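Below is one structure, written out as structure tokens; comments come after it.
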Amino acid sequence: MTNIPDIPDKPSLDGIEARLIERWEADGTYRFDRAASRDEVFAIDTPPPTVSGSLHIGHVFSYTHTDTVARYQRMRGRQVFYPIGWDDNGLATERRVQNVTGVRCDPSLPFDPEFRAPYNGDVPKDHRALPVSRPNFVDLCREITHIDEQAFEALFRRLGLSVDWSLLYTTIGDRARRVSQRAFLRNLARGEAYQQDAPTLYDIDERTAVAQAEMEDREMPGAYHKLAFHRLDGGGDVFIATTRPELLPSCVAMVAHPDDPRYQPLFGTMVSTPLFGVDVPILAHPLADPEKGTGIAMICTFGDVTDVVWWRELNLPSRALIGFDGRFPGEVPEWIATDMGCEAYMQIAGLAPKQAQKRVVEMLTATGEMVGDPEPIVHPVKFYERGSRPLEIVATRQWYIRNGGRDQQLRDDLLARGDELTWHPGYMQHRYDNWVGGLNGDWLISRQRYFGVPVPVWYRLDADGNPIYDEVLVPADEALPVDPSTDCPPGFAPDQRGVPGGFIGDPDVMDTWATSSLTPQIAGEWTEADSDLFDRVFPMDVRPQGHDIIRTWLFATMVRSHHEHGMPPWRNAALSGWILDPDRKKMSKSKGNVVTPMHLLEQYGTDAVRYWAASGRPGVDTAFDESQMKIGRKLATKLLNVTKFVLTFGEPDAGASPTEAVDLAMLARLAAVADDATAAFDGYDYARALERTEAFFWWFCDDYVELVKSRAYGDEPAGSQQDSQAGSRAALTQSARAALRIALSSMQRLLAPFLPFVTDEVWSWWQNGSVHAATWPTSAELAAASGTGTDLVDPAWLEPLGEVLAAVRRAKTEAKVSQRAEIERLVVQGPTEVHDAVRRALADLREAGSIGAVEFEVADDLRCVVDLAPVAD
RNA sequence: GGGCGCAUAGCUCAGUUGGUCAGAGCAGUGCCCUUACAAGGCAAAGGUCGGGGGUUCGAGUCCCUCUGCGCCCACCA
């Protein structure tokens with residue numbers, strides 16, 4: 001079982017990371033066995049980090065949590081499927097590439113094989129982005145992400161993640177594109193994916209549609225403008241308050257609540273809009289809020305999401321003006337007929353909303369149709385989460401996947417799927433339920449961007465060369481992945497592209513979530529030729545992720561799995577909290593309070609940083625705290641030293657086993673800790689497992705080892721007092737040495753998920769193989785190893801024993817003498833149970849405390865009287 | 001407007017079916033070169049468990065309510 005110990009004279013944590021990372025890789029310590037069956041496997045749906053983002057201490061935090069669970073399950077004997085991927089496609093990457101290289105994509109340009117990016121970082125402020133072709137741009141994206149991915153890999157390896165690096169994938173890679181397109185086409189075939197021409201939230205800077213899940217509200221300054229609409233019956237004016245007077249030319253109606261007595265008489269009558277003189281009806285709808293503004297609103301196509309609802313439910317015409325470029329068209333729209341209206345419109349033609357608003361207000365002021373000054377307010381405005389200007393609503397043709405946002409049955413089904421998961425912590429399910437319950441439309445997956453998985457379809461062109469969007473041409477399955485901008489649909493030749501009667505490729509790519517929602521399928525090699533992996537790993541055991549992306553990643557993955565497999569993609573969802581800076585603000589790049597992780601790993605050692613991370617309980621936001629890392633480093637150092645100490649005694653004799661009460665009690669206490677840690681890990685509560693193990697470990701070092709070290713040395717007992725600890729001195733020594741080693745082995749394994757480096761280092765001093773391939777300790781194992789079967793003594797009596805030991809130390813501390821100082825006489829006052837406890841370990845206690853005589857007195861409470869020996873000088 | 005979470009020593013946090021549950025670590029203080037560890041060890045001190053009600057023989061622990069902080073969601077003219 002054991003080697004000859006190979007213990008350094010001066011154990012050190014320095015440099016162990018590099019050495020062990022290399023050994024793990026060479027030995028395949030974390031290699032997944034592809035022959036394992038599903039019930040032998042523990043499968044993890046690892047989050048693929050967005051490599052265009054910055055390396056963040058948050059990565060260290062949450063990935064460590066998952067890694068501790070992976071290591072635990074591996075030691076429990078499961079084949080751990082622990083893949084890793086990089087999420088590299090998508091708009092985030094495009095923006096990073098634009099910022100770093102100083103280019104922008106212009107899909108109308110031809111490919112330039114000689115192209116080189118003008119910059120590599122440090123783009124001057126006054127630089128105007130250089131237009132490049134789509135293929136050139138995509139090449140640049142691939143280059144930049146490759147560099148980013150190497151930095152991520154370096155960090156994740158240094159962090160000691162026990163992922164199987166041979167399973168590495170990227171979301172722009174061939175397999176991910178193939179799986180993503182195949183899943184989409186199957187959604188399409190089943191009617192779960194569809195296209196629709198409808199008002200869509202649109203980012204005019206990025207020139208792409210965005211999904212509900214990607215929107216966020218921001219508090220923005222605005223102002224109520226009170227405008228006069230003129231009743232056609234000559235009954236005077238009707239006043240509305242609006243924050244967007246520039247949308248006046250898009251007004252299609254006015255609306256008030258059906259129960260509002262102020263406006264009931266006007267329902268069905270017409271008014272003329274100020275400035276533009278367009279006649280619009282006054283209508284009733286329950287969404288109108290009598291409390292807001294003047295209680296009556298103008299409906300524009302489209303100012304906000306409510307306008308879309310009104311437009312749809314009241315069957316109103318569309319008078320949309322703001323286009324893809326975010327500007328008003330240069331021509332007067334047909335519905336503005338009056339000379340004055342045309343003149344007014346020309347004042348804002350070609351302008352962006354902000355400038356248009358200024359002009360419109362000036363004109364309204366001039367005509368007297370605006371009452372009073374604008375009243376400043378602060379109100380929430382919808383933004384793309386990565387955007388810098390408010391979203392506009394533009395009518396466009398887009399692809400959607402059904403997610404229950406328009407279908408109560410599907411919504412209920414997906415809510416029920418949420419119930420099938422076990423959530424850690426449980427209250428996180430509320431966020432899922434909340435989100436699914438509040439969806440107001442299907443999932444918009446098409447993006448008018450470039451670096452992503454192409455929507456894998458083409459459209460027939462009619463005799464005039466216009467696309468027939470109802471005639472969707474799909475690729476053959478074996479052709480996947482395809483790029484419709486260069487590949488041809490089945491049955492067509494390249495020269496038919498773009499010509500009447502021919503075809504045209506869909507120009508869009510899919511949202512990055514449309515691909516990352518398939519991580520179980522991508523990592524599991526779903527539908528891939530010659531692979532039976534998927535059936536061995538799906539459904540997966542756990543999805544670990546941040547709680548902030550329940551509405552996006554978790555939900556999207558659930559939607560895809562529900563459609564494709566009719567089941568949840570995992571059994572458990574484990575949510576990590578965020579890292580807060582010491583002032584309890586969320587760390588983010590924009591706040592400038594981000595801590596980069598690599599230097600921390602170098603300064604404190606990986607184990608120490610992992611210790612800090614693992615102290616953060618599941619789902620709980622945790623403050624960044626370097627003092628915790630110092631404690632973690634102390635723990636790792638202590639493990640080095642105590643291992644060295646225990647192993648110094650040499651191997652116990654063959655057949656030796658713990659027999660002494662204090663040794664057996666220590667092991668019994670450890671057995672309870674092992675069971676506690678096991679239960680905690682089974683519930684994904686790694687933090688609790690660590691806390692219990694750590695508490696035991698320090699008690700073991702500070703009390704137990706101090707108590708038995710003299711006996712373990714084999715020293716002759718001091719003094720001649722008859723102790724209750726019977727048996728030959730040699731047998732007592734063997735008992736201590738055996739117990740120390742049994743405990744050491746268990747503690748190294750219990751700490752291995754948290755401190756993978758130092759535990760494997762100390763394990764290698766006396767054991768074969770890696771600690772990470774060793775078996776997780778259990779109470780049954782400890783009972784067997786202690787040679788007593790299950791008959792371990794109740795460790796409760798260790799408590800009063802510890803108190804007596806502390807009392808002895810206290811007396812010496814208060815007397816300001818060394819802990820080695822001799823004690824002439826110790827009187828233990830207390831109940832007889834305390835006497836019994838002390839007697840069970842009397843010899844150990846006397847040697848540990850350098851105690852001469854021990855006397856006992858019966859009392860209600862435990863007290864010790866300590867008579868120090870006279871100082872010798 | 002709806003929902004969720006948090007509020008325990010100066011700091012970071014444990015306290016899982018209500019009954020040694022008032023704890024740990026850090027910081028601060030004091031002591032000790034003790035043969036595994038001085039980038040260490042030992043110890044003393046620190047809190048009316050956010051406020052107020054209630055249930056109970058008994059409540060950080062359950063219920064109600066209030067306050068503060070944070071987060072998620074919402075159709076925000």
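Every heavy atom of this structure was used, including side-chain atoms; hydrogens, water molecules and symmetry mates were not. Letters go in sequence order (proteins before strands), and every chain restarts at 1. A quick note: this is a predicted structure, and the numbers were derived from the prediction, not measured.
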For A/Q748 and A/W765, which I'm curious about, is there any donor-acceptor pair between the side chains at under 3.5 Å?
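Judged by distance alone, the side chains do not pair up.
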
Is any NZ, NE, NH1 or NH2 atom of the basic residue among [X] and [Y] found under 4.0 Å from an Asp or Glu carboxylate oxygen of the other?
X      : Y      : value
A/K634 : A/E694 : no
A/R809 : A/D703 : yes
A/D433 : A/R411 : no

Which nucleotide sits closest to the side chain of A/A623: B/U12, B/A77, B/C76?
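Nearest to the side chain of A/A623 among the choices is B/U12.
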
Give the nucleotide from the list B/A77, B/C72, B/A14 with an atom nearest to the side chain of A/Y224.
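Of the options given, the side chain of A/Y224 lies nearest B/A77.
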
Check every strand shown and say whether [X] touches a base, only sugar-phosphate, or nothing at a heavy-atom separation below 4.0 Å.
X      : value
A/T306 : sugar-phosphate
A/C300 : nothing
A/Q212 : sugar-phosphate
A/D433 : nothing
A/R617 : sugar-phosphate
A/V305 : nothing
A/A288 : base

Between A/S250 and A/A320 (side chain of the first, backbone of the second, donor and acceptor by atom type, cut-off under 3.5 Å), is there such a pair?
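Absent.
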
For A/L316, is there any backbone N or O sitting under 3.5 Å from a side-chain donor or acceptor partner on A/W311?
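Pair found, side chain donor or acceptor close to backbone of A/L316.
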
Is the Lys NZ or Arg CZ of A/R737 less than 6.0 Å from the centre of A/F649's six-membered ring, within 45° of the axis?
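Ring-cation test returns no.
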
Any chance you could encode RNA chain B as dot-bracket? Rule is Watson-Crick or G-U wobble with both distances under 3.5 Å; [ ] for pairs crossing earlier ones, | for another strand.
((((((((.[[[[.)...(...]]]]..((((.......))))......[[[[[..)....]]]]])))))))....

With distance as the sole criterion, do the side chain of A/R809 and the base of B/U34 form a donor-acceptor contact below 3.5 Å?
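Between B/U34 and A/R809, which were checked side chain against base, a qualifying N/O pair under 3.5 Å is absent.
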
Between the protein and nucleotides 23-29 of chain B, list every N/O to N/O distance that falls short of 3.5 Å.
{"from": "B/C26", "atom 1": "OP1", "to": "A/K634", "atom 2": "NZ", "distance (Å)": "3.2"}

